[in-house]
Amino acid sequence: MLQSNDQTAEATTAIVPEKIRDGIDLQINGEHYRHTGDPQMPLLWYLRDVLRLTGTKYAGEHGGNGADLVLVNGKAVSATNQPLAKLAGKTVITVEGLAANDGTLHPLQQAFIDEDAIGCGYCTPGWLIAGIELLHRKPHPNDGDIDQLPNLCRCGCQTRVRRAIKRAAAGKAVQR
Amino acid sequence: MSNRIQLSRRRFLQVLAGSAGSLLVGIRFAEAADAPLPPALLGDNIHDLGPYVRIDEDGSVLIGARDPDTGTGVATSLPRIIADELDVDWDTVRVVALGLGVDNDNGKPSWTYGHQVGGTGTSIPAAWRDLRQAGAVARWLLLQAAARRFGLAASRLRSDNGMVIAPDGRRFSYGSLAADASKIALPGNLPPLKNPADYKLIGHGVGDVDARAIVTGQAQYAIDHYYGDAVVAVLSHCPWPDGSVAHLDSTDTLAVEGVLKVVQLRPERGQPLGSTVIAPAVAVLAENTWAALQGQAKLKLEWKPGASHDASSNALEQQALGLLNSNSEPTTRVRNIGDVDAASKKAARRIDATYFQPWLAHATAEPMNCLIRLDKDRASLVVPTQAPQKASAVVQRLAGLSADKIAIRVPRVGGGYGRRLDHDYVAEAVMLAKVINKPVRVLWSSEQDLRNDYYRAGSVHQLGAIIGHKRQLLAWNQRMASASALSGRGVPDDHLWTSELQADQLPAALVPNYRSDWYALQSATPRGPMRGMPHLSNAFAVESFIDEIAHQLREDPLNTRLRILGEARQLPLDNGRMLDTGRLINVLKLVADRIDWKNWLRTVNGLGIACWHIDGAYVAHAIEAAMQGEQLVIQRVVCAVDVGRVINPTGLQGQVAGATLDALSIALNAAITIKGGQVQQRSLKDYPLATMAQLPNDVEVITVDDNRDPAGASFLAMPTAAPALANAVFRASAVRVRRLPLMKELLRLL
């Protein structure tokens, strides 16, 4: 709305900086966010309902099959069980943040495509997050290491996931 | 303009000119074929793509996938059938999920695409002819259009990767021909189909069309769709399906910021569709999911049981044994060939065994959910369903709308396994949308889903084999007691057995005297279809029992099977199909060779084998397993399948390996128990699907590719995995497991 000149002058002199609202600062997939709502809101609902990053899936009250896994400071954790209050200053990576900015897929994402390690695909983001954490810890995981993944899949993708992880690990070795 | 060819009594191939010079070809059903195509179908809204193929002027090729993809790969395999006949580069094809197709023919709604159902093994067999013909007609029209431009006979032209090419090398792209092609009259006879030797896509493997979207988190399931202002509803269900609210105080819930309303749902029971809400529920409606969940946690809610308050799965099993041991008349004599009783008198020996199987839940990855916008005169939904027409029927009845006023979108579905053939969650969404007068998303948790499923009922199988003096199988007597998945669904009593037994299951047609009886049990716990049923439970009993027969006869179980199967021949089945024993023998031998069966007695580990057939498809498993202390280690798993023509070998391999692991996972540990009328399991911790560590590291899949019309494969490999494992366990441990889940029983018997 247009205002008269003197009103504008008056308003200018009366400006008081807005009080900085309390909030939780987060870094998600390289972007900065400030959450000013309920600090107890789980990360999962912040991602899905607020940011509409729906790649991290709802898998039940306790994280169920692991489809809700995200990387928090590099560690795979259930987004369902992470209140935002615990995430202040931490970096979060979701499945949407695994590929490079130019669209180049993470070697494990590519390996999932190459090995057709996908059934219905709903739990796939969780497998990728858990698999990438494993590859960070152990660049050449053996079967026993892969056995430790907590994810569940009723479509029966486990053998193909195992192959994909090995393929991604082998690819890394070649690159080095 | 539009013209069409009649394909069969009810189906038409129809060609239309789209806006902006596109060519559209589709199969429509008789009742829909006369209806004018809504203008939206010709526009740019690809979600409303009507026909199966659309070629645009810019050369882009859009192919619709008719059936919901629950992870079975039909969104990849069905469009590839069209694309091959059309002769286009797969990389230029975009696949669009069609959603429910409804036409309004002068106020009489009909289904545009016929029967749309996913995950029942019917998609590829149903589509095989139609889709090739759609592709071939589109290609024929493009060739005709090019012939006019070149001034040459169409017979002198060839197509290649989206181009029509003249003998001298001149070429036109499909895109540039699309507009002209759409104006050409259809041929009187259908153009010939490709010679299978020329297939470039059919029979050649490709990964899932949605793979990239899935690994980048971009693929959207129903649960990922948002109508801006949709209210979120979370539900607390009564633990007794016939119970009711004893006490409800929602004061604290309503005090939660964002909570809008608390609504009691008192569902009707015994509806003809059997697919309304299964238990009374209290819904908390809120502005967002977190508010709804917090509100739900603050409900003060107590339930009181109904008539089923003392039901238990144990008691039901005792009742089943009582029935089977009482010599009472069966509810249904499913099959009676020859004279089992007369054959018994000639018996050299008789072998009997009883097998037990637990109740099972579906445990889909994507929880039940439904997004609905319900206005006075129309409804639109985004639903993860295997059967959008059944979902529509629920909305029609509860909202009082006709089918053409209901739009149903079905994005990729996060697992089905039969759970999403029932639509209680859709019914809840309709009921809540009526109360709140805003768009609603019904959202279940997976824990809630486990407690409010349409379960696979537990069963008891009594098997008897009469062996003659030449060690031949003289007679077979199978008696099964279970609660039918079909009761309460308007199915006549004499058909309730069809969800439990198959009249044609092995060794029917192979034994001169064969009798199978079904005994009905009553249960208030809801039941429904489950991936592979009734083959899943029966194959375990039958294929374990054949192993027992082999053991008693001191025979190699592979030889026993081959002896029962006899010569390679075609035997008529009850359902009008033929049992091709040669194909069954072939898959058995394939897995036996691969796993080195001739060493089955010499190996320190156990080898087990099993075979089965489902609707013209054949499967065998061979498994090597060993006990390491109290640990069961599954060392090798080989599966061979013969489904006729293989459309997508990559997809088939995935389905076979996947179903094998699913079946092993269920057989090892999964059981639902009922006590005090309630399901006891509370989370996946109580219903342990197998982890990576418990499953074999690999599944070796052998596919037999031949030129027969393709059969379905989505659950083909389910039935034989568990009996092959149990048979291997017997060789490895001398323990015969006749009760699932296997690990619990094995540790009890060891």
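For clarity, every value in this text was computed on a predicted model and none was experimentally measured. Below, each value reflects all heavy atoms present in this structure, side chains not excepted, and no hydrogens, waters or symmetry copies.
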Side-chain heavy-atom pair B:Val215, A:Ile118 within 4.5 angstrom cut-off
yes
Does any backbone or side-chain atom of B:Ile223 lie under 4.5 Å from a heavy atom of chain A? Answer side chain, backbone, both or neither.
both
Applying a strict 4.5 Å limit to non-hydrogen atoms, the region of A:Ile146 in contact with chain B is both
Please state whether the side chain, the backbone, both or neither of B:Leu443 comes within less than 4.5 Å of a heavy atom of chain A.
side chain
Honestly, the part of B:Ala690 sitting under 4.5 Å from a heavy atom of chain A is backbone
Which atoms of B:Pro696 approach chain A - backbone, side chain, both or neither, heavy atom under 4.5 Å
backbone
What option among A:Gly55, A:Gly156, A:Gly60, A:Cys120 has the most heavy-atom pairs under 4.5 Å with chain B?
A:Cys120
Please state whether the side chain, the backbone, both or neither of B:Ala365 comes within less than 4.5 Å of a heavy atom of chain A.
both
Portion of B:Val699 that has a non-hydrogen atom of chain A nearer than 4.5 angstrom
both
Which side chain or backbone donor-acceptor pairs connect chain A with chain B at less than 3.5 Å?
| unit_1 | atom_1 | unit_2 | atom_2 | d |
| --- | --- | --- | --- | --- |
| A:Asp38 | OD2 | B:Trp290 | NE1 | 3.0 |
| A:Asp38 | OD2 | B:Gln294 | NE2 | 3.4 |
| A:Arg48 | O | B:Tyr226 | OH | 3.1 |
| A:Arg48 | NH1 | B:Asp224 | OD1 | 3.0 |
| A:Arg48 | NH2 | B:Ile223 | O | 2.9 |
| A:Arg48 | NH2 | B:Asp224 | OD1 | 2.8 |
| A:Asp49 | OD1 | B:Tyr226 | OH | 2.8 |
| A:Asp49 | OD1 | B:Thr289 | OG1 | 3.3 |
| A:Asp49 | OD2 | B:Thr289 | N | 3.0 |
| A:Asp49 | OD2 | B:Thr289 | OG1 | 2.5 |
| A:Lys57 | NZ | B:Asp224 | OD1 | 3.4 |
| A:Lys57 | NZ | B:Asp224 | OD2 | 2.5 |
| A:Ala59 | O | B:Ser446 | OG | 2.8 |
| A:Glu61 | N | B:Glu447 | OE1 | 2.8 |
| A:Glu61 | N | B:Glu447 | OE2 | 3.1 |
| A:Glu61 | OE2 | B:Ser445 | OG | 2.9 |
| A:His62 | N | B:Glu447 | OE2 | 3.1 |
| A:Gly103 | O | B:Arg212 | NH2 | 2.7 |
| A:Gln109 | NE2 | B:Val215 | O | 2.7 |
| A:Gly119 | O | B:Arg412 | NH2 | 2.8 |
| A:Cys120 | O | B:Tyr221 | OH | 2.8 |
| A:Cys120 | O | B:Arg412 | NE | 2.9 |
| A:Gly121 | O | B:Tyr221 | OH | 3.2 |
| A:Tyr122 | N | B:Tyr221 | OH | 3.2 |
| A:Asp143 | OD2 | B:Asn697 | ND2 | 3.1 |
| A:Arg154 | NE | B:Asp662 | OD1 | 3.0 |
| A:Arg154 | NE | B:Asp662 | OD2 | 3.4 |
| A:Arg154 | NH1 | B:His362 | O | 2.8 |
| A:Arg154 | NH2 | B:Asp662 | OD1 | 3.3 |
| A:Arg154 | NH2 | B:Asp662 | OD2 | 2.7 |
| A:Cys155 | N | B:Tyr417 | OH | 3.4 |
| A:Arg160 | NH2 | B:Gly654 | O | 3.2 |
| A:Arg162 | NH2 | B:Asn697 | OD1 | 3.2 |
| A:Arg163 | NH1 | B:Asp698 | OD1 | 3.2 |

Side chain, backbone, both or neither: which part of B:Leu664 has a non-hydrogen atom closer than 4.5 Å to chain A?
neither
For A:Ala67, is it the side chain, the backbone, both or neither that has a heavy atom under 4.5 Å from a heavy atom of chain B?
neither
If you count heavy-atom pairs within less than 4.5 Å of chain A, which of B:Gly654, B:Ala657, B:Ala663 leads?
B:Gly654
So for B:Ala291, is it side chain, backbone, both, or neither that comes closer than 4.5 Å to the heavy atoms of chain A?
neither
